[in-house]
There are 2 protein chains.
Amino acid sequence: MKTTIYDIAKAAGVSIATVSKVINGTGRISTETRERVNEIMQEMDYQPSVVASALTGKSTFTIGLLIPDLANPLYAEIARTVEDRGRELGFNLVMCSTDNKPRRENDYITFLRQKRVDGIIISTGISDEEGIGNLVRQKIPVAVVTREMASLEADSVKVDDFLGGYLAASHLTGLGHRHIAVLTEDLSLATSRERVRGYRYALNEAGIDADKQFVVESVSSVEAGRKHALEMLRSDRSPTAVFASNDLLAIGVVQAAKELRLSIPWDLSVIGFDNTLLAGIVDPPLTTVAQPIAAMGRQVMDLIIQEVRGEKKTKRRIVLKPELIVRQSTTFPRKV
Amino acid sequence: MKTTIYDIAKAAGVSIATVSKVINGTGRISTETRERVNEIMQEMDYQPSVVASALTGKSTFTIGLLIPDLANPLYAEIARTVEDRGRELGFNLVMCSTDNKPRRENDYITFLRQKRVDGIIISTGISDEEGIGNLVRQKIPVAVVTREMASLEADSVKVDDFLGGYLAASHLTGLGHRHIAVLTEDLSLATSRERVRGYRYALNEAGIDADKQFVVESVSSVEAGRKHALEMLRSDRSPTAVFASNDLLAIGVVQAAKELRLSIPWDLSVIGFDNTLLAGIVDPPLTTVAQPIAAMGRQVMDLIIQEVRGEKKTKRRIVLKPELIVRQSTTFPRKV
DNA sequence: ATGAAAGCGCTAACAA
DNA sequence: TTGTTAGCGCTTTCAT
């Protein structure tokens, strides 16, 4: 049998209450007994059961993280920083990759509720805000990262997507481009819409008619990006630059360009979004709009833990600034 | 208050035992009451507490996954497939990135034990087999993936690293290379040693003196790989090909070569290991030895769940075959 | 400074 | 078919 608090109590010749107190550092215990008990726990390799403890109303010290896909570097990096901050604070992470499938998202949420996780961090795109609203109603702390849940009272941490789109597009217009396509993730995501809105704003500012540009919606993957880019680039009104709403898509564009023997950046400028590991690795290195991933991860975890600890009554909405990272995939247009 | 089994029982006018039975599908219950109870649980949005249930001796339906770093695509991909299989089987994953730091590994293990996870899957490198031996002694199911724990009685799933190293090196010797360096991860990892051993075997077979080649040990990152490659390539006995023991390092080599204006594959052939997402994205696309990541992830999860369910008494050791993926980073040596 | 005992939400005999 | 009840390992008054 696993050793329990009873075993320790017996071995130490004290009551379980006393053991409990030394474990939690509560109540008043003589240094003497404290030391003895600690020693014995050590010797017997005793691990207090957080499941029993949770049953009495304490935390489970577990947070659920809902993301679209762990295999996508952006989310892997977010998960990593969230996890790190959690560890520092004594919380573990249970990973939930939903592939943006509402069905899967709901299954995971049910799971997490049954496990009585202390809180849930959401980074998935399409969420039926219905199901999540339930969480909030049940007083389960919810925090959103990378997105925003319009109708929801929840903490959120995200980048200023509008500004990001603006930064990307105005970098391009500044370089002299007038024919700038955009390849974006699902426009049902507020995030994507904002980035496109920023793009339009920049084009407007430069006196370019945004309505005459390609705006192509795509599933978020290198392969899908490549396919769509191929079409775009083969068209007779092929752009001189493309703004992809994330690095995966941008890489797809790069690959398509290579296939068509277009040299980047000379024949085509490409700019991405996110600044994941990938951006530095493609050839040429990708100019992209960086999300402050580490800061975002750390901050959501901080927010939700405050919530869990009841240290906070009001919901907070944190918006961080994106940063343009200029590498080698953009330059002025060759042909005017 | 959260609704409990008592609330349901009262609302349905039955005992909690009955409710418990319909939840678990145990015992004999009339269809009538079953339906009524189910309906009420539905209405009240009741979620049975797995923490209470776990306290009575049932599973927590949680598995811990120890990996070096979630931000490394190899491990992210492994985690993803493990997670997927877990979901299918009704288990959640708690993520533990150790950065191969024994301290952190131990902290996580303590955490996981306190949470009474049903099992632990290990994919971290340097493990003090001591701490893990403890787990096994406590009858906590342990499975190892990607590695092997020599002294340990645990399930394991890995690729044949020796064969992988051999495949890589003989591809190179077959191309005519006679001067083949290897850039490897920490040789204290059995995995790395095996890959190098396979490499040596292939060189031997080709009549090349392996002892005269560069064998450089490196931390596993693009940057570290780049640095070491730079040194190698600047030396007067610069190789015509390098075998990197993982894709990250291989990419570092590619970057170094570019810096030195060496064209790949013409001036230098590079071969990696793992076949992560990255391999297809670098330029040129990387020839590499593929690990069957999805299969490995699925199989460890299957093994450990069998263990958890007590369906298996003997430990299993599964060794999968690696596969050489030839892309464009290797060719015959220009200068003989 | 320490202990007795009730209770957390559920499961599993055992009774009825 | 359904209900009673004794735990599961721990926390937390409330006494002592």
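The chains referred to below are lettered A, B, ... by the order of the sequence lines, with proteins before strands, and numbering in each begins at 1. Hydrogens, waters and symmetry mates are skipped; everything else that's a heavy atom, side chains included, is used.
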Please tell me which of the listed nucleotides, [options], lies nearest to the side chain of [X]?
| X | options | answer |
| --- | --- | --- |
| A:Ala17 | D:dT2, C:dA12, C:dA5 | C:dA5 |
| B:Lys21 | D:dC10, C:dG9, D:dT2 | D:dT2 |
| B:Thr18 | D:dG3, C:dC10, D:dG9 | D:dG3 |
| B:Thr33 | C:dC10, D:dT2, C:dG3 | D:dT2 |
| B:Lys58 | C:dT11, D:dG3, C:dG9 | C:dT11 |
| B:Tyr46 | C:dC10, D:dT2, D:dC10 | C:dC10 |
| B:Asn24 | C:dT2, C:dT11, D:dG9 | C:dT11 |
| B:Tyr6 | D:dT11, D:dT2, C:dG9 | C:dG9 |

Rounded to whole Å, please give me the gap between [atom1] in [X] and [atom2] in [N].
| X | N | atom1 | atom2 | result |
| --- | --- | --- | --- | --- |
| B:Met44 | C:dG9 | CE | P | 13 Å |
| B:Met41 | C:dC10 | CE | P | 11 Å |
| A:Arg116 | C:dC8 | CZ | P | 14 Å |
| A:Ile8 | D:dC10 | CD1 | P | 9 Å |
| A:Gln47 | D:dC10 | CD | C1' | 15 Å |
| B:Ile5 | C:dC10 | CD1 | P | 5 Å |
| A:Phe61 | D:dC10 | CZ | P | 14 Å |
| A:Leu55 | D:dC10 | CG | P | 12 Å |

Determine: side-chain N/O of [X] to OP1/OP2 of [N], distance under 4.0 Å, yes or no.
| X | N | result |
| --- | --- | --- |
| B:Thr26 | C:dA12 | no |
| B:Ser20 | C:dT11 | yes |
| A:Ser49 | D:dC8 | no |
| B:Thr56 | C:dT11 | no |

Sugar-phosphate, base or nothing in reach of A:Val14, heavy atoms under 4.0 Å: sugar-phosphate
Sugar-phosphate, base or nothing in reach of B:Val19, heavy atoms under 4.0 Å: nothing
5′-ward residue of the pair A:Ile16/A:Ser30 relative to DNA chain C: A:Ser30
Is there a donor-acceptor contact under 3.5 Å linking the side chains of [X] and [Y]?
| X | Y | value |
| --- | --- | --- |
| A:Asp118 | A:Thr60 | yes |
| A:Asp155 | A:Gln306 | no |
| A:Asp69 | A:Ser97 | no |

Carboxylate-amine/guanidinium proximity below 4.0 Å for B:Glu77 and B:Arg80: no
Charged N-O contact under 4.0 Å between B:Asp99 and B:Arg104: yes
Positive for side chain to side chain contact (heavy atoms under 4.5 Å, CB included) with B:Val37, one of B:Val19, B:Ile29, B:Ile23: B:Val19
